[in-house]
Amino acid sequence: MFSGKQSKPTFKSYLPPLQTDLKKSPQLPIKKLEAKLLPGEIVVNEANFVRKCIGAESCQDDLWGKLVCTNFKVSFISHNSLPRQRFQCTHRLLGEHDIPLACVEQVVTVNDVKGKQKILGSNQKLKFNPTELILYCKDFRIIRFRFDEAGPESAKKVCLAIAHYSHPADPQLLFGFEYVGKRYHGSAGEQVNGVDPGGGMQTPLFDCSSDWDREIKRTGASEWRVCTINQGYFISPSLPEFFVVPVSLADQDLKQYACFFYSHKWCWNHSSGSALVRMSNISDPQQQRKVEQRISSAITKSHPLRSDVFKSDLDKTLPNIQDIQAALLKLRCLFRTFLRHAVEVVYMLERRNVPVILLENEDRDLSCVISCLVQLMCDPHCRSLHGFQGLIQKEWVMAGHRFLDRCNHLKKNDKEESPVFLLFLDCAWQLWNQYPAAFEFTDVYLTVLGDSMWVPIFSTFLFNCPRQRAENSRDFASSKSIHLGQDQALRFPPVWDWSQQFSLKDQTLFNNPLYVGKIATCVQNGTVKTFTHRRSKKNYSSTLRGLPSALRNGSIGPNDTLARRNSLVLRLRSDLSQVREQQETPSERFIRDFFSRPVDLQGLLLPQLLPSHLSVWKLYFLRWVPEAQIPQGGPITTFHKLSVLTDEIEMLQNQLKQYKGAGGTPNNLHVEPSKMYFKSTSTPHQPPAPPEYLSSSFPFSPVGNLCRPGILGTPLSKFLNGAKIWLSTETLANETF
């Protein structure tokens, strides 16, 4: 019945064989949460099991990780990543959860149980264990961390460390010194100066006479020369080592007058020969008249028609730095005032054809803004990327704007803090917003440039003047035994070396697909013509006529109000319907004539100054507000389509150019890298759809910043209402407004 053969087993095991030797068992890798450190960066303190709050309603989207304070930044490291961050636009110096210490405006600790809160400063004590940390940032972010599961002592120590290291007591304690010393000089000082003075950049730094010589030739200022008497800063501490003066002004005269005024700077020459000059006021009235007469006479001799000098006293006509800080909440009124004054200076140069002197107490704040705005309106070179960067280098950095004090990097004197440079960027954005095709760069570039002020490793925004940079860097090099060689100071990287912060691909976000440069032409009916941006004459005449004369220039008198067109107010108020046409001033006629003609994007540009033409810089001020974010909407969708179209045109032009150069043989064609971030597809007639991650805040993400369901609770509205401290945000849902 049973055969002698044994049946084969039919059971098959899918489990691996049991390992009897424990030493050979595989160990699962455990990823440690460690901060990525830059050269010269060290960890000061840290706390584990910290929760970063993403939303105010619930904690289900919050991230868990480690909170780290270094001598450069506040860093949060987590295994998880934020949503809507798939576009891979990364910062080379900062991670997605990193905050530079210089960007921290206020450190607030909260204890929910005891109902206590405290603003922490340097070297302060904290008597309670914090359950929450709120960081108010200068770029309008508000970041919140919870310590529910963290150790009370580690939470207290990391809060105190952040407060202490965000208030450095000395410029040499700013991270930029350690960064430059370690990265470019090494531990043994074997590299004498690792930063290439040229750096392969096209942006002039104006720290040598050759840069000024080229600018003189570019603007045709033949009656001006480079002066070198201040080399080593022996004559004036606030003047740069090289500056431009009239040919008729001798070095001996400059040495005689140098002790009476802070600065005298040539900025730019109009094509008519009229010069734009900056000059500080002198406290002694007699010396003021004497020096002004001598310098004005020299400027008059430099003019082809020997025209008299027009003096614009900025201290009397524009807000001071304290007013600018207080009026940050009234941005629209503030930048309209500066734009209007810049237009008046343009009128004197363009229509009156006279040299202009910008007078200011120290010639280091208001004149920086006005001189740059005038050149942006008049000189198309300044609207190119490298021209704009050279303009800032010339009129802000080398002119001695107090970036260290105005940015308040040391948190020493709030009275000296003032967002003057941010004001200029906002004014420049207003001009960009009205004439986007006239600028080579995008609003992303302007936003990133504003953020770079809070990354204190760049020479551009780190010091009050070139002399301070030289003195502090020499002292630091001596204390660290760094050999400088033939150089007189450490060479800090300028912000214009964008490869320090972004990859080449991410830098293409700076390129404007609408830009119409000097060589931009179009073919119409077989004739090559330059591109001209035409506007409806009727559109501007209807805006400018029938209004008070003061309003035509963008200003509103104390008794004037501006109502929406066709509104009930205009129908009810008979006085507005019977406005008498007042006599135009010459500058108002100049503005009206400008807007009555087609606009040349490579010529003079004047801004519209009526409130209806001035907008909020949404990408800068609203990017961190989730409620203001428009998924798949906003200007970025237009930017995407234009970039794809521009990339396709450039690709076809390159192929045609190389095809002709190869004698009609399309083999082995070299493809040049695209200048656009968004690229076209190889499939014709099928343009790529906008990526899902696009939103109105691209390339920034508001996720991870404190938010409320309603706009009344957003950080921006709190800021605009003047709030300095928020209550514990766990109970914000019960707060009424």
Side-chain angles (χ1 to χ4, degrees), residues 219 265-270 274-279 310 312-315 317-321 323-324 327 331-351 355-360 363-385 387-397 399 401 406 418-436 438-441 443 445-446 449-450 553-555 587 590-591 594 599 601 603-610 613-615 617 620:
T219 58
K265 305 180 186 75
W266 171 87
C267 303
W268 176 75
N269 249 44
H270 190 268
S274 300
L276 180 65
V277 181
R278 294 166 51 176
M279 182 175 171
F310 172 77
S312 178
D313 196 330
L314 306 184
D315 290 326
T317 56
L318 293 176
N320 56 34
I321 60 170
D323 296 333
I324 295 174
L331 284 174
R332 179 176 294 183
C333 178
L334 187 64
F335 54 62
R336 193 175 67 187
T337 302
F338 279 80
L339 285 169
R340 183 177 66 247
H341 192 89
V343 169
E344 293 173 356
V345 174
V346 170
Y347 162 73
M348 300 304 297
L349 292 166
E350 183 80 15
R351 183 61 61 88
V356 177
I357 293 181
L358 303 178
L359 293 173
E360 188 190 0
D363 181 37
R364 302 174 76 173
D365 292 299
L366 307 180
S367 54
C368 299
V369 181
I370 297 300
S371 62
C372 282
L373 290 178
V374 169
Q375 293 174 68
L376 275 179
M377 296 176 190
C378 295
D379 192 344
H381 170 75
C382 298
R383 301 194 284 266
S384 66
L385 181 63
F388 184 75
Q389 294 178 167
L391 178 69
I392 295 174
Q393 190 71 27
K394 177 181 65 170
E395 299 294 340
W396 292 81
V397 181
H401 177 67
R406 298 297 177 254
S418 184
V420 183
F421 186 70
L422 178 59
L423 168 67
F424 161 68
L425 291 181
D426 204 331
C427 292
W429 181 87
Q430 297 296 329
L431 198 63
W432 178 94
N433 192 44
Q434 295 183 26
Y435 305 100
F439 292 81
E440 187 180 9
F441 45 84
D443 57 344
Y445 167 80
L446 291 173
L449 182 58
N553 199 22
S555 61
S587 61
F590 168 69
I591 297 173
F594 171 81
V599 178
L601 295 178
L604 176 68
L605 298 181
L606 296 182
Q608 282 279 6
L609 299 177
L610 292 175
H613 292 92
L614 301 177
S615 305
W617 186 5
Y620 187 87

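Only this structure's heavy atoms are used, side chains among them; waters, hydrogens and symmetry mates stay out.
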Side chain [X], main chain [Y], donor-acceptor under 3.5 Å:
{"X": "Gln608", "Y": "His613", "result": "no"}
{"X": "Glu395", "Y": "Val369", "result": "no"}
{"X": "Arg364", "Y": "Ala399", "result": "no"}

Checklist entry - Taking it one step at a time, do Ile591 and Leu609 satisfy side chain to side chain contact (heavy atoms under 4.5 Å, CB included)? => result CA-CA 10 Å; Ile591 297 173; Leu609 299 177; 5.5 Å; no
Item to check | By ring-ring contact (aromatic ring centres under 6.0 Å, His included) - contacts of Tyr620 (at least two apart) | outcome: Trp617
Checklist entry - In chain order, what residues pass the ring-ring contact (aromatic ring centres under 6.0 Å, His included) check against Phe441, with sequence neighbours excluded? => result Phe388, Phe439, Tyr445
Checklist entry - Measuring from Leu606:CG to Glu350:CD, what's the distance to the nearest 0.5 Å? => result 8.0 Å
Item to check | Gap between atom CG of Leu339 and atom CG of Leu431 - 0.5 Å precision | outcome: 7.0 Å
Item to check | Side-chain touch Cys368/Phe421, heavy atoms, less than 4.5 angstrom | outcome: no
Checklist entry - Side chains of Phe594 and Val346: closer than 4.5 Å at any heavy-atom pair? => result no
Checklist entry - Considering residues at least two apart in sequence or located in another chain, which fulfil the side-chain contact (heavy atoms from CB on, under 4.5 Å) criterion with Ser384? => result His381, Glu440, Tyr515
Between [X] and [Y], what is the shortest heavy-atom contact and its length?
{"X": "Val345", "Y": "Ser312", "answer": "CG2-OG, 4.5 Å"}
{"X": "Lys394", "Y": "Cys267", "answer": "NZ-O, 2.6 Å"}
{"X": "Pro319", "Y": "Thr337", "answer": "CD-CG2, 4.3 Å"}
{"X": "Phe335", "Y": "Cys427", "answer": "CB-SG, 3.3 Å"}

Next on the checklist: List the residues meeting side-chain hydrogen bond (donor to acceptor under 3.5 Å, both in side chains) with Ser274, not counting sequence neighbours, and say none if there are none.
Outcome noted: Ser272, His303, Asn353
Item to check | With Asp379 via side-chain hydrogen bond (donor to acceptor under 3.5 Å, both in side chains) - residues at least two apart | outcome: Arg218, Trp268
Item to check | By salt bridge (charged side-chain N to carboxylate O under 4.0 Å, His left out) - contacts of Asp426 (at least two apart) | outcome: none
